[in-house]
Amino acid sequence: MTNAYGVGTDQDAGQDGTGNRNRDGGTVLRTHATAVLATGSALLSVPLAVALHTAACGTLPPVLAPLLPLAPFVWPLTAAVAAGVAYAAVRRARTRRRPTAPPPAAAALAPVPTDPAGLPAPADHFTGRAVETDAVLRLVRIGHRAIAVTGAPGTGKSALAVRLAHELRPLYPDGRLYADLGGGRGEPSAPAAVLAVLLAALGAPAEEQSGSSDALAARFRGRTAGRRILLLLDDAADAAQARALLPAGEHCLTLVTSRDPLRELPEATPVPLTPLTEPDALALLAAVAGPVGPAAEAGRVEAVPGPTAEADHARAVVHACGLLPLAVRVAAGATRSRPTGRIPALAGRLAAERDRLHHLRLGDLAVRGAFEAAYAALRADDRALLRGLGACPAAPVTVRIAAAAAALDPAGIRSGLDRLADAQLARPAGPDAYRLHDLVRLLAAERFDHETSPADRRAVLERILIAYTEDASGHGSRAWGLAEQHAVPHLVRAAVREGLHHRAHGLALAADAWLEGRPGQSPRLAMWAAVLDAARRSGEQGWTAHAMRGLGSAYAHEGQLDRAVDHLGMAAALQRHAAARTERAATRRLLGAVLRGAGRYEEALRELRAALEGCREANDTAGEAEVLCGLGVLHLDRRRPDEAIDCLERALPVLARHTGDAAGLADARRHLGTAYAQAGGFVPAERQLHSALALYRRCGLTAGEGWTLRELGRLEERRGAYGAGVVLHRAALAAFERAGLGAGIAAAAEAVGDNLQVQGDQWGADEEYRRAAAAHRLLGDHAGEAEVRRKLGF
């Protein structure tokens, strides 16, 4: 049975505390009487034998002849000994019949249960956790007596532990006990109260269910010694609470669940839980929500949806839930009463981060509640730290950024971050960074908005912006990755919303050079669009020019050349009078490069010559070298390799001296290699191209690597080695796909098609041409698409 404390066991009447049937008093008395008679007979047999020998022979036996002088005393002495033995035996029998209180450890041990009524029912639609289940079962097989299932709120610790307890119940016939310790609710049960109920469940009398915690723990250990009992301690607050409740039996098993990592409970082997894998989360969504998509109409349930629009929506849902079992269950349950199309609708509702926690609620079950309880249990300074982290973007937060958010020094912030990790609200993401789960971050952002004054919010955000800008300006951005690529535009937009226009503009300028070399330009476009918004709000015309130039550069990298020309043209017009010469020259150089890419050679030549003149007037040697590179590429496109070689050879020494611009040097060497190849100088062409390839790979510039591989493929084709050429073109295509560069994908696919066509593989060539046409269509490059379709025969 289960009592009000959530502690349960089962009982089977008819046995006493020793596990033996009670014997009646008559049986015991007869047993003792028999013992007395047997003892008396044994003692009297010897003197009777001596007496018979003496009567028959007239003398003592030879062995006893030396005792002849004592013969008159033998019979009295024998009688006295026999009487004493009989009296002692009877007294001992009477003493045993008197009732005495048994020692606490041996009194009334729990009866053998017949069914596991003490355990909660296992959760419906349990999905996944195969690795963790195997880990627990392996630990049980090798004899571990305590296992701690730990993890963040909502990871399904209790569901896994209850399921395992039911699975293991045949191994523990002497009892299955369950106690909800209340740690996650912020109301941990006192160990003494839990022990009293556990003792009652084990059949202890009322007088043994009270006393100090130490006394109750000793009695509990005594009653579990030598038994096979499974104890499930659910939701332990900490190691101290769990340790006081551990049984003593070496064949007992204790399963503990806790949000605390329980590092101070070495008796328990940890099995940590993380969010589900995507396939397991999708299977849980399908199991709880019921049939979805086309399968619903056919009466089927797709555990893992296939490559359909419905599957994409399902994936969006589980990732919006952070792959947490609790969140997926709540989201799926909320769709059961909705009509067809509920998964796409759910994905739409969960897409907006600010409303996501509001939608993850089903009746009295809310994901927000699980995290709010953990938040409320934190110290005041740790709650303030978590709120500050809510102002940071969805990315690993370095110790330096966290220190800026909390206005603390990096040395002092580590202990706070470690405490958040112990509370399962953060986790280490490297030697110097921590990551918040997405739903925890949303809760932190809510608390930041609701519990922080506007002035304090602005101050926190400003400190974070300064730290990010310093990282970007001081080459700290070299260690940045994909997360920072999306964090920067998020911060710039937040700064504009808070009116921190100068901070938004400064971060954009500092981070642009790094973002320019990353795969995909969407974050960069979002960043400069936010700066353009700030410029319009503040009336800063110079910022408008910077934003237009940044947008033009990003569009150029995306292959949207017409939009790039429009934005760069507006930037050049705005800079005509206000900007410095070097800034105007840089914009015109970029505009010339884009015009060249669009095939507008005369306009490009005019812009590049104007840029070269501006650099010379400003004595900008580095800028002059960059313009010379642009002119060299233009001459390449115009099929004038000698003029291209002249420009590029003049630029190369200057770029080589600027060791910080490895990407510019790599570009110059790649273009110079192409120029030598056009002029027929295959040896210097190959040397320059391989030098460029090494530089690109050293800098991690995948797009540049792709363009260089394509040029090396063309070089092999000029030599007649089409087999080697197609291998290089395919390598270039793979590099462009990794970089997400549509223009490169189109160019490399077309190059592969041209090569295969020459080799006579028309079917393979057409397949690559179709891929190139699709890439041109996505870019909006209708001229490029038409050219490829001409090769397909359309």
Side-chain angles (χ1 to χ4, degrees), residues 152-154 184-186 259-260 322 324 327 352-358 360-361 366-429 432-468 483-484 486-488 490-500 503-504 507:
R185 297 190 300 273
R259 297 176 183 180
D260 189 275
L324 286 183
E353 286 193 347
R354 287 185 170 270
D355 299 328
R356 187 173 299 167
L357 288 174
H358 172 73
L360 289 175
R361 183 183 186 91
V367 175
R368 178 190 277 109
F371 292 117
E372 283 181 338
Y375 172 76
L378 295 173
R379 297 171 14 171
D381 54 344
D382 291 341
R383 289 198 298 271
L385 170 59
L386 187 61
R387 290 195 300 270
L389 296 180
C392 297
V397 180
T398 64
V399 171
R400 169 179 160 77
I401 299 299
L408 295 173
D409 61 283
I413 202 67
R414 286 185 182 273
S415 58
L417 291 168
D418 287 338
R419 286 192 297 272
L420 291 181
D422 287 343
Q424 303 287 354
L425 296 175
R427 60 183 176 86
D432 198 39
Y434 291 76
R435 181 187 293 274
L436 301 182
H437 187 277
D438 282 348
L439 297 182
V440 175
R441 179 179 54 81
L442 294 181
L443 176 71
E446 282 187 359
R447 297 298 92 203
F448 181 69
D449 289 341
H450 296 157
E451 299 178 19
T452 309
S453 67
D456 287 342
R457 285 201 305 270
R458 184 184 175 97
V460 170
L461 181 58
E462 187 167 17
R463 290 196 300 267
I464 293 172
L465 287 162
I466 291 171
Y468 266 90
E484 285 76 13
H486 294 278
V488 169
H490 172 91
L491 284 171
V492 172
R493 288 195 299 267
V496 174
R497 285 196 305 269
E498 290 291 336
L500 296 169
R503 297 299 182 193
L507 177 57

Report task. Determine the minimum heavy-atom distance between Gly416 and Asp382, stating which atoms define it. Result -> CA-OD1, 3.9 Å
Query - Check: Glu372 and Leu443 side chains under 4.5 Å, non-hydrogen atoms - result: yes
**Report entry** Any side-chain heavy-atom pair of Arg356 and Val367 under 4.5 Å
**Finding:** no
Requested in this report: Taking the side chain as every heavy atom from C-beta outward, state whether Leu386 and Arg447 have any pair of such atoms under 4.5 Å apart.
Outcome: no
**Report entry** Asp355 side chain vs His358 backbone, donor-acceptor pair below 3.5 Å
**Finding:** no
**Report entry** Side-chain touch Leu442/Leu439, heavy atoms, less than 4.5 angstrom
**Finding:** yes
Query raised in the report: Does the pair Glu353/Arg441 count as a salt bridge with the N-to-O cut at 4.0 Å?
Result: yes
Query raised in the report: How about Val440 and Arg435: do any of their side-chain heavy atoms sit closer than 4.5 Å?
Result: no
Report summary line: On a heavy-atom basis, the closest approach of Val496 and Ala504 is CG2-CB, 3.9 Å
Query raised in the report: Hey, mind stepping through Arg503 and Tyr468 against side-chain contact (heavy atoms from CB on, under 4.5 Å) and telling me if it holds?
Result: CA-CA 10 Å; Arg503 297 299 182 193; Tyr468 266 90; over 6 Å; no
Query raised in the report: Is there a donor-acceptor pair closer than 3.5 Å between any side-chain N or O of Arg185 and the backbone N or O of Ala373?
Result: no
Requested in this report: Give a yes or no answer on whether the side chain of Gln424 reaches the backbone of Arg259 with a donor-acceptor pair at less than 3.5 Å.
Outcome: yes
Report task. I would like to know whether Asp456 and Ser453 meet side chain to side chain donor-acceptor pair (under 3.5 Å); could you show each step before the answer? Result -> CA-CA 5 Å; Asp456 287 342; Ser453 67; 3.1 Å; yes
Query raised in the report: With a 4.5 Å heavy-atom cut-off, do Phe448 and Val460 have their side chains touching?
Result: yes
Query raised in the report: Do any N or O atoms from the side chain of Arg463 and from the backbone of Ala405 form a donor-acceptor pair under 3.5 angstrom?
Result: yes
Query raised in the report: Side chains of Leu425 and Leu436: does their closest heavy-atom pair fall under 4.5 Å?
Result: no
Report task. Go through Asp418 and Tyr434 one step at a time and tell me if the side-chain contact (heavy atoms from CB on, under 4.5 Å) criterion holds. Result -> CA-CA 9 Å; Asp418 287 338; Tyr434 291 76; 2.6 Å; yes
Query raised in the report: Any salt bridge between Glu451 and Arg383, counting N to O under 4.0 Å?
Result: no
Requested in this report: Compare all side-chain heavy atoms of Leu385 with those of Leu408 and state whether any distance is below 4.5 angstrom.
Outcome: no
